[in-house]
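Only this structure's heavy atoms are used, side chains among them; waters, hydrogens and symmetry mates stay out. Read the numbers this way: they start at 1 and go in the same order the structure lists the ligands and their atoms.
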Amino acid sequence: MVEIKTPEQIAKMREAGLIVAEALKAASEAAVPGVTTGELDAIAKKVIEGHGAKSNFLGYHGFTGVICASVNEEVVHGIPGDRVLNDGDIISIDCGAIVDGWHGDAAVTVFVGGGHGPELQALSATTEGSMWAGIAQVKKNNRLSDISRGIESFIRRQPLPPRGKYGIVEDYGGHGIGSAMHMDPHLLNYVDRRRGRGMKLVPGFCIAIEPMITLGTPKTHVLEDEWTVISNDGTWSSHWEHSVALTEEGPFVLTAFDGGKAKLAELGVTVAPDPLG
Ligand code: MG
Ligand code: MG
């Protein structure tokens with residue numbers, strides 16, 4: 001069963017989403033050469049606790065951070081710790097928060113220092129762009145697979161990177177979110193025709209949309225730490241995520257400061273008014 005939220009519940013998720021946005025902003029700005037992923041975790045933790053919110057990552061199946069910090073060939077679920085960021089690295093920072101039992105979840109890819117070539121620029125831009133293309137499909141009477149198609153078709157439209165190809169990671173995907181961080185339905189980042197069109201999207205539907213793309217293989221495996229997911233061929237990857245609500249008045253991006261207004265305007269989509277008024 002897919003949980004359908006009331007406007008009041010979506011407002012709580014917006015509160016959580018804004019805290020996630022602030023935590024990600026602070027951690028992203030701190031992601032410079034010489035800083036450890038553990039220090040980024042402490043910065044995000046301070047923001048979450050400063051708002052009196054709770055982390056949904058900390059303690060999740062024993063996870064020890066409030067962020068996932070996934071560097072270079074690490075795709076997702078990297079454990080924050082002693083790893084020092086180097087000039088030229090890219091890092092996915094993923095973070096979540098709970099307010100009064102309602103969850104938010106988002107991730108960004110950040111360039112550490114400088115000197116990132118066009119291939120990495122395009123990798124991150126393609127991943128982020130595919131997320132927004134998926135978000136643009138969150139509308140009444142669309143189906144779940146329309147979001148997947150929006151994501152995949154955006155990626156397929158991009159020029160291939162100069163030294164490779166894009167691998168759309170299939171082992172992980174988006175997810176319903178609300179009274180728990182991970183809920184039904186699971187959202188593929190590609191179209192699988194065998195699965196049909198999926199559920200019809202109705203007001204009150206909330207989904208975390210999170211494409212993960214590598215510069216090579218879509219195949220991944222988990223390291224011995226039982227968390228960190230890396231690409232099988234060691235190619236670097238990007239990961240972007242937002243939590244999105246569908247309301248009677250259209251989509252609203254709960255984890256974006258502006259609700260997604262600027263990015264969705266470029267795609268011809270008008271966002272709903274802020275659930276917090
Ligand atoms: Mg996340
Ligand atoms: Mg997520």
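- A salt bridge links Lys45 with Glu49: the closest approach of a Lys/Arg side-chain nitrogen to an acidic carboxylate oxygen falls below 4.0 angstrom.
- Ring planes of Trp227 and His77: perpendicular class, angle over 60° (limits at 30 and 60°).
- The distance from the Mg ion (ligand 1) to the nearest N/O/S atom of Asp94 is under 2.8 Å.
- Glu210 and His242 form no side-chain donor-acceptor contact under 3.5 Å, judged by distance and modelled atom types alone.
- Taking the Mg ion (ligand 1) as reference, the nearest N/O/S atom within Glu241 carries the name OE1.
- Restricting Glu210 to its N/O/S atoms, the shortest distance to the Mg ion (ligand 2) is reached by OE2.
- No option in Leu144, Ile209, Val253 other than Ile209 meets the side-chain contact (heavy atoms from CB on, under 4.5 Å) test with Val138.
- Nearest N/O/S atom of Asp105 with respect to the Mg ion (ligand 1) is recorded as OD1.
- A donor-acceptor pair is defined here as one N or O able to donate and one able to accept, closer than 3.5 Å; no such pair exists between the side chain of Ser145 and the backbone of Ser148.
- Not a single N, O or S atom of His182, from either the backbone or the side chain, sits less than 2.8 Å from the Mg ion (ligand 2).
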